[in-house]
Amino acid sequence: MLKTYFSDVKFNRCITSQLIKWFSNFREFYYIQMEKYARQAINDGVTSTEELSITRDCELYRALNMHYNKANDFEQVPERFLEVAQITLREFFNAIIAGKDVDPSWKKAIYKVICKLDSEVPEIFKSPNCLQELLHE
DNA sequence: TCCGTTCCTG
DNA sequence: CAGGAACGGA
């Protein structure tokens with residue numbers, strides 16, 4: 001589907017992997033931020049996940065929005081994104097608190113949980129003219 | 001064996 | 001971000 005946005009590109013195996021790599025970096029960034037803020041919360045004395053919530057004005061949200069939505073093309077970030085982000089943050093928090101980060105592959109358990117929460121691609125993105133449509137909203 | 005993802009690095 | 005190694009699932 002991503003390929004349809006680059007109609008002027010002829011995708012061979014290499015070019016395709018580059019495209020995939022590019023988008024994989026987005027997910028990677030997401031997890032890096034989650035771990036970073038989970039550790040920061042712990043250093044700040046947070047002891048319970050109940051104290052960890054992701055709102056539209058929190059620092060973590062701003063960091064993510066600045067990365068994925070710099071120009072604020074999407075004024076209404078899906079509520080579901082906030083929910084999943086909070087679950088992810090708490091997942092990292094609990095794992096670190098439990099000292100699971102001593103295991104080299106401690107993040108895998110978290111990834112396994114979070115990937116199941118991935119949302120379907122919104123219909124609007126499936127349109128070749130989605131860029132125009134989004135900007136006109 | 002191929003492909004998508006993560007880790008590490010620059 | 002991109003490049004490359006490693007890994008794991010299909």
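Side-chain atoms are counted along with the backbone in the values below, which use heavy atoms only and exclude waters and symmetry mates. Throughout, a chain's letter reflects where its sequence line sits, starting with A, and its residues are numbered from 1. Everything numeric in this text was worked out from a predicted model, so none of it was measured.
Contacts of A:Phe23 classified as ring pair (Phe, Tyr, Trp, His ring centres under 6.0 Å), with partners at least two apart in sequence or in another chain: A:Phe26. Legend: residues meeting side-chain hydrogen bond (donor to acceptor under 3.5 Å, both in side chains) with A:Lys126, ordered by chain and number and at least two apart, are A:Glu123. Every residue was checked against the salt bridge (charged side-chain N to carboxylate O under 4.0 Å, His left out) condition with A:Asp103, not counting sequence neighbours, and none meets it. Take A:Ser53 and apply the side chain to side chain contact (heavy atoms under 4.5 Å, CB included) test, not counting sequence neighbours, and it matches A:Thr55, A:Gln86.
Counting only residues at least two apart or in different chains, salt bridge (charged side-chain N to carboxylate O under 4.0 Å, His left out) contacts with residues 57-67 of chain A are absent. For residues 43-56 of chain A, the pairs satisfying salt bridge (charged side-chain N to carboxylate O under 4.0 Å, His left out) are A:Arg56-A:Glu79, with sequence neighbours left out. Sorted by first and then second residue, the ring-ring contact (aromatic ring centres under 6.0 Å, His included) pairs involving residues 99-121 of chain A (not counting sequence neighbours) are A:Tyr31-A:Tyr111, A:Phe92-A:Trp106. Counting only residues at least two apart or in different chains, salt bridge (charged side-chain N to carboxylate O under 4.0 Å, His left out) contacts with residues 81-95 of chain A comprise A:Arg80-A:Glu83. Listed by first and then second residue, the salt bridge (charged side-chain N to carboxylate O under 4.0 Å, His left out) pairs involving residues 5-14 of chain A amount to none (not counting sequence neighbours).
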### Query
Which parts of nucleotides 4-10 of chain C does protein reach within less than 4.0 Å, heavy atoms only, written one letter per nucleotide 5' to 3' as B for base, S for sugar-phosphate only and - for none?
B--SS--
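Running 5' to 3' along DNA chain B, contacts with non-hydrogen atoms of chain A at under 4.0 Å begin and end at B:dC3 to B:dC8.
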### Under the 3.5 Å Watson-Crick or G-U criterion, the dot-bracket string of DNA chain B, with | for inter-strand pairs
||||||||||
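Within the nucleic acid shown, A:Tyr30 has no heavy atom closer than 4.0 Å to any nucleic acid atom. A:Phe29 comes within 4.0 angstrom of no nucleic acid atom, judged by non-hydrogen atoms across all strands.
You'll find the side chain of A:Val84 reaches within 4.5 Å of the side chain of A:Tyr30, heavy atoms only.
Distance CD (A:Glu28) to C1' (C:dC1): 10 Å, rounded to an integer number of Å. For the pair A:Ile15 CD1 and C:dA2 P, the interatomic distance rounds to 11 Å; values are reported in whole Å.
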